[in-house]
Amino acid sequence: MSKNIFYIRTFGCQMNVHDSEQLASIMVDAGFEQTDDVSQAQVILVNTCSIRDKVAQKIVSQIGRYRQLKENNPYLVIGVGGCLAQHWGTSLFKKNVGIDLVFGTHALDKAPEMIRRIQRKGGAIVDTAFHKAIPSLNICTLPKNGNLQTFVTIMQGCDNFCSYCVVPYLRGREQSRPSADIIDEIRVLVTHGVKEVTLLGQNVNSYGKGLAEGLRFSDLISKIDAIDGLERIRFTTSHPKDLTDDLINCFGKLGKLCEYIHLPFQAGSNSILARMNRGYTREDYLAKVVSLREACPDIAISSDAIVGFPGETTMDFESTLEMMERIRFDNLFSFKYSEREGTTAVNLSEKVPEKEKDRRLSLLQEIQDRHTLEMNKAMIGRTFGVLVEGISKNSSRDMMGRTRTNKIVNFRGTENLHGKTVSSLITAAYLHSLRGELS
Ligand code: SAH
Ligand code: SF4
Ligand code: F3S
C-alpha cells in the first residue's frame, strides 16, 4: 500500500492547537505520515471549534472546500474532530455530504483505527462518547524546528457552566492530570531544548480538584519552578473566582513564573455578570487586580470581554468601559455575544440587536487599542530580558523575542542569539510589538 499521508487543519483555542499536536503524534505513531500540503493528503483532519457561530460557519465553509478535493481523489478520507464535532455529532454528515469521520473531544486516540476502518471498508463513523479518563491527555509532543516553547495540558474540561458558553458541554467535566505526569513531561521537554512552558486548561486555577494528591495549582507551579533548565512558566486560562491569594502570591516570588496573566472579566456590570453565571462581582474582580498588582507591580494583565449579552443596557455596557479605564489591560480579546445552541443564555430575553453589538464592539476595541499603545509606549527607555525565539517576521536582519510580560520585541541581531535571554532597551512601541536594541 502507498504511504498513508494526513493533513491537519486546526481552528480554535490554544487547547485545540495542542490537541492537534497530540493528534498528529498519535497518527505518526500509528504509521501515518504528516504533510503540510493538503493536495498530497489521503486523510484530511479538521480539528474544530464551536465557541461562536462565526467560527462554526467558517469551519463549515472550509470543510466544503476540502470536500471538493474528493472529485480528483475519491479515496480521500475527511475526518472532523474537536468541539464542533462534539457539538453537532451525526448532524455534521447532513450539513456536509462527504465527511467520513466525526470524532469528539475524547476520541483523539481512536482516530487512526477509525480512519483505517473507513479506508478498508468505506462507510462513515461517529464517536462522540465521553470517557472518565482521556487517553490523549498524557501524550507528550516534542517541539519542532527548534521551538523553545510548548504547551502542557494540566487539566481538561470545565465545570463552570457560564450561561453563554458551550465548552462544558463539549469538553466534559474537569479532569486534572497527576502532578508526577506533568513534571515528568516537562523534564523530558527541557531535555529537548524547551525553555518555556504554558500550562493549559479551561480553568487552570481549579487544578487538583478530584485528585487524591490534595495539591493546589500554586503547589503545582512551585514544583515546576524547581525544574532545572526550564526558564519560563506561563498558564492559561484562569477564572477570577478561583484566583486565590496563594496563587497571586506566586507572582514576583517564583523566579520562573512570568509576570503575565490572562484573566477574562467578560463584563463590567454586576447584573450581566450574574446573568452570565460568572460567580464574581465587578468589585471582586477589581480587588483581585489590586492584589495582583500589589504582589507584582509589573504584571501584565490581558482579558476577554463579551459585548451585547442579552439584557446588556447602554449603562451595563458603560460599566464595561469604565472597568477598562480603571484597570487598563495590556491586551483585550473582545467578542460580540453569539447565541449557542444548548446553552442556558438561549432562553434569556432582551436580545441586543446585531448593529448595536457592532457599535459596542468597535467602541471597546478603540479604547483597548489606545490603552495597549499607551502601555507599550510606557516601556520605551526601559530595559527588559527578552527570550529570543527566532528571526523576525519583519526583516531577516532582525531577531524577535518576548519579554516575560508577553510583549513581542524585534531588534537587530543574529541567529546565534536563538534560545538566549538577552537584555533589550526598548526604543519604539507599536500596537502589536516593540522595537529594541541589545544593551
Ligand atoms: N475557559 C476559558 C476560555 C473560554 S472561551 C475561560 O473561561 O476564560 C474564550 C472566550 O470566548 C471567553 O472568555 C469568552 O469571552 C468568549 N466566549 C465564549 N462563549 C462565547 C459566546 N457564546 N459568545 C461570545 N463570546 C464567547
Ligand atoms: Fe466557558 Fe466559563 Fe468554562 Fe470558560 S469558565 S470555558 S467561559 S464555561
Ligand atoms: Fe473552541 Fe473548544 Fe477551545 S469550543 S475555544 S476549541 S475548548
Side-chain angles (χ1 to χ4, degrees), residues 9-20 23 46-59 80-88 104-106 108 128 134 151 153-174 199-207 209 235-243 261-268 272-273 275-280 285 301-310 312 320 329 331-346 348 351-352 354 357-358 360-361 364 368:
R9 172 77 194 270
T10 310
F11 294 86
C13 62
Q14 287 173 319
M15 272 153 277
N16 239 26
V17 172
H18 189 46
D19 284 352
S20 285
L23 177 61
V46 191
N47 192 11
T48 62
C49 172
S50 189
I51 201 79
R52 286 172 293 276
D53 187 53
K54 231 167 105 182
V55 178
Q57 294 315 326
K58 195 171 141 197
I59 295 169
V80 179
C83 289
L84 193 65
Q86 191 70 45
H87 204 173
W88 286 353
T105 54
H106 287 203
L108 301 190
T128 51
I134 310 170
F151 298 126
T153 307
I154 63 160
M155 55 88 66
Q156 257 275 21
C158 180
D159 292 349
N160 289 320
F161 291 94
C162 301
S163 63
Y164 50 82
C165 183
V166 281
V167 172
Y169 306 96
L170 308 183
R171 293 277 179 164
R173 298 290 62 75
E174 287 180 7
L199 309 176
L200 281 184
Q202 262 84 17
N203 183 13
V204 280
N205 43 6
S206 70
Y207 172 81
K209 218 165 83 178
F235 57 82
T236 197
T237 299
S238 309
H239 194 298
K241 78 174 164 49
D242 299 316
L243 182 63
I261 187 167
H262 182 64
L263 192 65
F265 82 115
Q266 312 298 5
I272 295 298
L273 285 171
R275 280 165 84 104
M276 286 178 163
N277 191 30
R278 286 291 288 177
Y280 56 85
Y285 189 94
I301 306 177
S302 65
S303 195
D304 292 344
I306 297 176
V307 299
F309 188 75
E312 187 187 69
T320 297
F329 294 107
N331 204 356
L332 181 72
F333 302 88
S334 45
F335 312 100
K336 283 191 286 177
Y337 167 68
S338 166
E339 187 168 278
R340 303 306 285 136
E341 175 200 350
T343 61
T344 54
V346 167
L348 295 175
K351 308 273 191 255
V352 177
E354 209 53 33
K357 285 190 211 165
D358 286 330
R360 292 181 191 180
L361 187 70
L364 190 145
Q368 185 54 46

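Just follow the structure's listing: the first ligand is 1, and inside any ligand the first atom is 1.
The protein reaches atom 21 (C) of ligand 1 closely, with a heavy atom under 4.0 angstrom from it.
Taking every heavy atom of Phe161 and a limit of under 4.0 angstrom, the matching atoms of ligand 2 come to 8 (S). Heavy-atom contacts of Cys83 reach the following atoms of ligand 3: 2 (Fe), 4 (S), 6 (S), 7 (S) (cutoff under 4.0 Å). Taking every heavy atom of His239 and a limit of under 4.0 angstrom, the matching atoms of ligand 2 come to 5 (S). Counting the atoms of ligand 1 from 1 in the order shown, those under 4.0 Å from a heavy atom of Tyr337 are 23 (N), 24 (C). Annotation for ligand 3: atoms under 4.0 Å from non-hydrogen atoms of Asn16 are 6 (S). Each of the atoms 12 (C), 13 (O), 14 (C), 15 (O) of ligand 1 lies under 4.0 Å from some heavy atom of Gln266. Proximity to Arg52 (heavy-atom distance under 4.0 Å) selects the following atoms of ligand 1: 11 (O), 16 (C), 17 (N), 23 (N), 24 (C), 25 (N), 26 (C). Those atoms of ligand 1 with a heavy atom of Thr237 less than 4.0 angstrom away are 2 (C), 6 (C), 8 (O). Under a 4.0 Å criterion applied to the non-hydrogen atoms of Arg340, ligand 1 contributes the atoms 22 (N). Here is the list of ligand 2 atoms found below 4.0 Å of a heavy atom in Cys158: 3 (Fe), 5 (S), 6 (S), 8 (S). Interface of Cys165 with ligand 2, defined as ligand atoms under 4.0 Å from a residue heavy atom, comprises 1 (Fe), 6 (S), 7 (S), 8 (S). Each of the following atoms of ligand 2 lies closer than 4.0 Å to a heavy atom of Arg278: 2 (Fe), 7 (S). The Gln202 neighbourhood of ligand 3 comprises atoms 7 (S), with distances under 4.0 Å to a heavy atom of that residue. Each of the following atoms of ligand 2 lies closer than 4.0 Å to a heavy atom of Pro168: 8 (S). Per-residue contacts place Lys336 under 4.0 angstrom from the following atoms of ligand 1 (heavy atoms of the residue considered): 23 (N), 24 (C).
Distance check: Ser338 OG to Glu354 CD gives 8.5 Å after rounding to the nearest 0.5 Å. Atoms SG and CZ, on Cys165 and Arg52 in that order, are 9.5 Å from each other to the nearest 0.5 Å. Ser163 contributes atom OG, which lies 5.5 Å from atom CG of Leu348 (distance to the nearest 0.5 angstrom). The structure places CZ of Arg171 at 5.5 Å from CD of Gln202, a figure rounded to the nearest 0.5 Å. Taking SG of Cys158 as the start and OH of Tyr169 as the end, the distance is 10.0 Å to the nearest 0.5 Å.
Heavy-atom distances between Arg171 and ligand 3 reach below 4.0 Å in at least one pair. Note on ligand 3: His87 sits outside its first shell, no heavy atom being nearer than 4.0 Å. At least one heavy atom of Ser50 sits under 4.0 Å from some atom of ligand 3. For the ligand labelled ligand 1, residue Ile306 lies inside the 4.0 Å heavy-atom shell.
For atom 2 (Fe) of ligand 3, the N/O/S atoms of Cys49 include none lying under 2.8 Å.
At a heavy-atom cutoff of 4.0 Å, ligand 1 is contacted by no atom of Asn160, backbone or side chain. Residue contacts with ligand 1, taken as heavy atom pairs separated by less than 4.0 Å, involve Pro264 solely via side-chain atoms from C-beta onward. Residue-level proximity to ligand 1 for Tyr164 is carried by backbone and side chain together, each with a heavy atom below 4.0 angstrom.
Looking only at distances, a side-chain donor or acceptor of Ser303 sits under 3.5 Å from a matching main-chain atom of Leu263. Checking side-chain atoms of Lys357 against main-chain N and O of Phe309 turns up no donor-acceptor pair under 3.5 Å. In this structure, Asn205 contributes its side chain and His239 its backbone to a donor-acceptor pair below 3.5 Å.
When the heavy atoms of Cys158, Gly82, Cys13 are ranked by distance to atom 5 (S) of ligand 3, first place goes to Cys13.
Closest to atom 5 (S) of ligand 1 among all protein heavy atoms lies Ile51 CD1, 3.5 Å. For atom 23 (N) of ligand 1, the nearest protein heavy atom (residue, atom name, distance) is Ser338 N, 3.0 Å. For atom 8 (S) of ligand 2, the nearest non-hydrogen atom of the protein is Cys162 N, 3.3 Å. For atom 5 (S) of ligand 2, the closest non-hydrogen atom of the protein is Asn160 ND2, 3.4 Å. Closest to atom 10 (C) of ligand 1, if we only count protein heavy atoms, is Asp304 OD2, 3.4 Å. The protein heavy-atom contact nearest to atom 7 (S) of ligand 2 is Tyr164 OH, 3.4 Å. What sits closest to atom 2 (C) of ligand 1 on the protein, heavy atoms only, is Gln202 O, 3.7 Å.
For the pair Asp53 and Glu339, the minimum side-chain heavy-atom distance is 4.5 Å or more. Side-chain contact between Gln156 and Met15 is absent, with no heavy atoms from C-beta onward closer than 4.5 Å. Between Thr320 and Arg360, every side-chain heavy-atom pair lies at or beyond the 4.5 Å cut-off. In this structure, Arg340 and Ser50 have side chains that are in contact, with non-hydrogen atoms separated by less than 4.5 Å. Between Cys83 and Thr105, the closest side-chain pair of non-hydrogen atoms falls below 4.5 Å.
With no hydrogens or angles considered, a side-chain donor-acceptor pair links Asp304 and His262 at under 3.5 Å. At a cut-off of 3.5 Å, with distance as the only test, a side-chain donor of Asp242 or Asn203 sits close to an acceptor on the other residue. Between Ser206 and Glu174, the side chains place a donor N or O and an acceptor N or O closer than 3.5 Å (distance only, hydrogens not considered).
Note: Phe265 and Phe329 meet the aromatic proximity criterion, with ring centroids under 6.0 Å apart.
For a threshold of 3.5 Å applied to N or O pairs, the pair formed by Ser238 and ligand 1 contains no separation below that value.
Ring geometry for Tyr285 versus Tyr280: interplanar angle of 30 to 60°, hence tilted.
Arg275 has no carboxylate O lying under 4.0 Å from a charged side-chain N of Glu312, or vice versa, which leaves the two without a salt bridge.
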